[in-house]
J.: 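What follows is a structure written as structure tokens; I'll ask about it next.
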Amino acid sequence: MRESSGMTTLFLDIGGVLLSNGWDRHSRRRAAQRFELDYEQMDDRHHLTFDTYEEGHLSLEEYLDRVVFYLERPFTREEFKTFMFAQSQPYPEIIDLIRRVKERYRLKTVVVSNEGRELTEHRIRTFALAEFIDFFVSSCFVHIRKPDPDIYRMALDMAQATPQQVMYFDDRGMFVDVARGLGIHGIHHTCFETTRAVLADLGFSPD
């Protein structure tokens with residue numbers, strides 16, 4: 001089956017696929033409740049600056065300066081960052097599936113994600129992602145964000161793979177559509193069961 005499919009490489013998002021989202025609106029709302037912040041004001045400031053942080057042009061400290069600590073607060077930066085990092089949780093079934101499929105079929109595995117540097121490094125380290133991901137094309141490292149098609153072209157060049165050799169799993173439908181436009185076999189990830197079934201249909205059963 002692998003020989004007939006010709007696919008050799010897996011592109012994967014982190015947030016929503018391997019792990020929970022790192023700092024999405026639900027996490028920000030929880031932060032606003034926990035630290036008694038004005039959520040709407042914080043969220044407005046977040047949207048004005050977060051893309052710049054994800055592209056690696058701001059540090060986490062600078063992001064927090066703009067979004068939270070532009071006023072005196074009764075809590076510390078370390079308390080807030082600890083809360084931010086704690087929002088990341090693994091999806092063990094998917095991680096185990098990717099590990100097994102990679103090992104069994106000797107697939108190249110590549111993360112293509114939009115994330116800020118400190119969050120990315122925390123997630124890679126905490127959940128041992130480098131043990132089964134070959135390299136990370138993260139927006140904070142390459143200074144390009146999805147849905148810019150150049151981030152996928154960069155990942156293809158780095159993987160030395162053609163679009164036809166790549167399966168790409170992402171929980172954002174638009175990002176999948178952009179990848180498909182380049183000829184990549186994009187799959188909209190919704191849950192463990194459907195992703196496992198798609199991999200099996202493509203000839204990559206973990207068992």
Side-chain angles (χ1 to χ4, degrees), residues 1-2 5 7-28 30 54 60 81-142 145-146 151-152 154-156 158-161 165-176 178-180 184-207:
M1 289 290 288
R2 182 188 175 195
S5 74
M7 295 182 185
T8 62
T9 305
L10 266 175
F11 284 2
L12 300 155
D13 192 18
I14 294 182
V17 179
L18 299 174
L19 311 177
S20 63
N21 288 315
W23 189 235
D24 62 8
R25 65 181 182 277
H26 304 297
S27 299
R28 297 193 301 277
R30 287 192 292 270
E54 283 196 330
L60 180 57
K81 287 190 290 185
T82 296
F83 182 91
M84 285 184 75
F85 293 154
Q87 303 311 298
S88 296
Q89 297 297 322
Y91 295 141
E93 286 184 319
I94 286 288
I95 289 174
D96 180 63
L97 173 65
I98 299 304
R99 282 179 177 271
R100 290 161 65 194
V101 167
K102 173 185 174 61
E103 182 177 355
R104 183 174 186 188
Y105 299 98
R106 299 184 180 180
L107 294 173
K108 190 173 295 181
T109 49
V110 180
V111 154
V112 184
S113 68
N114 288 346
E115 290 194 333
R117 178 176 290 271
E118 292 86 350
L119 285 169
T120 296
E121 291 175 345
H122 165 77
R123 284 148 75 82
I124 291 171
R125 181 176 61 253
T126 301
F127 302 106
L129 300 185
E131 290 183 358
F132 64 96
I133 299 297
D134 293 308
F135 56 89
F136 297 81
V137 185
S138 298
S139 59
C140 59
F141 300 152
V142 301
R145 297 176 73 251
K146 297 181 293 187
I151 196 169
Y152 301 105
M154 183 178 294
L156 290 168
M158 294 171 69
Q160 284 297 284
Q165 291 175 314
V166 176
M167 300 166 279
Y168 168 51
F169 290 88
D170 200 303
D171 65 316
R172 302 290 181 92
M174 185 177 72
F175 296 165
V176 171
V178 172
R180 286 175 179 165
I184 293 168
H185 190 84
I187 301 106
H188 186 194
H189 170 79
T190 57
C191 65
F192 166 75
E193 289 79 10
T194 57
T195 288
R196 189 182 191 283
V198 167
L199 282 169
D201 286 345
L202 291 171
F204 298 96
S205 171
D207 304 318

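Values reported hereafter were calculated over all heavy atoms of this structure, with side chains retained and with hydrogens, waters and symmetry mates removed.
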J.: Using the salt bridge (charged side-chain N to carboxylate O under 4.0 Å, His left out) criterion, which residues pair with D134? Sequence neighbours excluded.
T.: K102
J.: Run the side-chain contact (heavy atoms from CB on, under 4.5 Å) test against R117 and tell me which residues pass, sequence neighbours left out.
T.: E121, C140, F141
J.: List for me each residue that meets side-chain contact (heavy atoms from CB on, under 4.5 Å) alongside E131, sequence neighbours excluded, and say none if there are none.
T.: R99, A128
J.: Apply side-chain contact (heavy atoms from CB on, under 4.5 Å) to R196 and list each qualifying residue two or more places apart in sequence or on a separate chain.
T.: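 So R196 forms a side-chain contact (heavy atoms from CB on, under 4.5 Å) with L97, F192, P206, D207.
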J.: Could you give the distance from CG (L18) to CG (L12), rounded to the nearest 0.5 Å?
T.: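 Rounded to the nearest 0.5 Å, the CG-CG separation comes to 5.5 Å.
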J.: I'd like to know if the side chain of H188 and the backbone of D171 have a donor-acceptor N/O pair within less than 3.5 Å.
T.: yes
J.: Sequence neighbours left out, what passes side-chain contact (heavy atoms from CB on, under 4.5 Å) with M158? Give chain and number order.
T.: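 Listed in chain order: F135, V137, M154.
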J.: Please determine which of I98, D13, I94, L10 meets the side-chain contact (heavy atoms from CB on, under 4.5 Å) test together with F169.
T.: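 Single side-chain contact (heavy atoms from CB on, under 4.5 Å) partner of F169 among I98, D13, I94, L10: L10.
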J.: Would you compute the distance between atom CG of N21 and atom CG of N114 and round it to the nearest 0.5 angstrom?
T.: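 Reported to 0.5 Å precision, the distance equals 11.0 Å.
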J.: With sequence neighbours excluded, tell me which residues meet side chain to side chain donor-acceptor pair (under 3.5 Å) with D170.
T.: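 Here the qualifying residues are K146, Y168.
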J.: Flag the pair L19 / L129 as yes when at least one side-chain heavy-atom distance between them is below 4.5 Å, and no otherwise.
T.: yes
J.: Residues two or more places apart in sequence or in another chain: which of them pass side chain to side chain donor-acceptor pair (under 3.5 Å) with T120?
T.: E115
J.: Got a sec, which residues hit ring-ring contact (aromatic ring centres under 6.0 Å, His included) with H122, two or more places apart in sequence or on another chain?
T.: F85
J.: Quick one: do H185 and L202 satisfy side-chain contact (heavy atoms from CB on, under 4.5 Å)? Show the steps, please.
T.: CA-CA 11 Å; H185 190 84; L202 291 171; 4.0 Å; yes
J.: For F83 and S27, work out which heavy atoms get closest and say how close.
T.: CE2-O, 4.0 Å
J.: How close do G22 and R123 get, counting heavy atoms only, and between which atoms?
T.: CA-NH1, 3.3 Å
J.: For the CZ atom of F204 and the CE atom of M167, what is their distance to the nearest 0.5 Å?
T.: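 Going from CZ on F204 over to CE on M167, the span is 4.0 Å.
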J.: Could you work out, with side chain to side chain donor-acceptor pair (under 3.5 Å) as the rule, every residue matching T190, not counting sequence neighbours?
T.: T194
J.: What residues form a salt bridge (charged side-chain N to carboxylate O under 4.0 Å, His left out) with D96, not counting sequence neighbours?
T.: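 Salt bridge (charged side-chain N to carboxylate O under 4.0 Å, His left out) check on D96 returns R100.
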J.: Would you compute the distance between atom CD1 of I124 and atom OG of S113 and round it to the nearest 0.5 angstrom?
T.: 7.5 Å
J.: First locate atom CZ of F132, then atom CD1 of I95, and finally report the distance between them rounded to the nearest 0.5 Å.
T.: 5.0 Å
J.: For the atom pair CZ (F11) and CD1 (I184), what is the distance rounded to the nearest 0.5 Å?
T.: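 So the CZ of F11 and the CD1 of I184 are separated by 5.5 Å.
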J.: Apply salt bridge (charged side-chain N to carboxylate O under 4.0 Å, His left out) to R30 and list each qualifying residue two or more places apart in sequence or on a separate chain.
T.: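 For R30, no residue satisfies salt bridge (charged side-chain N to carboxylate O under 4.0 Å, His left out) once neighbours in sequence are set aside.
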J.: The criterion is side chain to side chain donor-acceptor pair (under 3.5 Å); which residues satisfy it with T195, sequence neighbours excluded?
T.: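 T195: side chain to side chain donor-acceptor pair (under 3.5 Å) contacts with H189.
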J.: Any side-chain to backbone donor/acceptor pair from T8 onto K108? Under 3.5 Å, distance only.
T.: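 Not a single qualifying donor-acceptor pair exists.
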J.: Which atoms form the tightest heavy-atom contact between V111 and S138, and what is the distance?
T.: CG1-OG, 4.3 Å
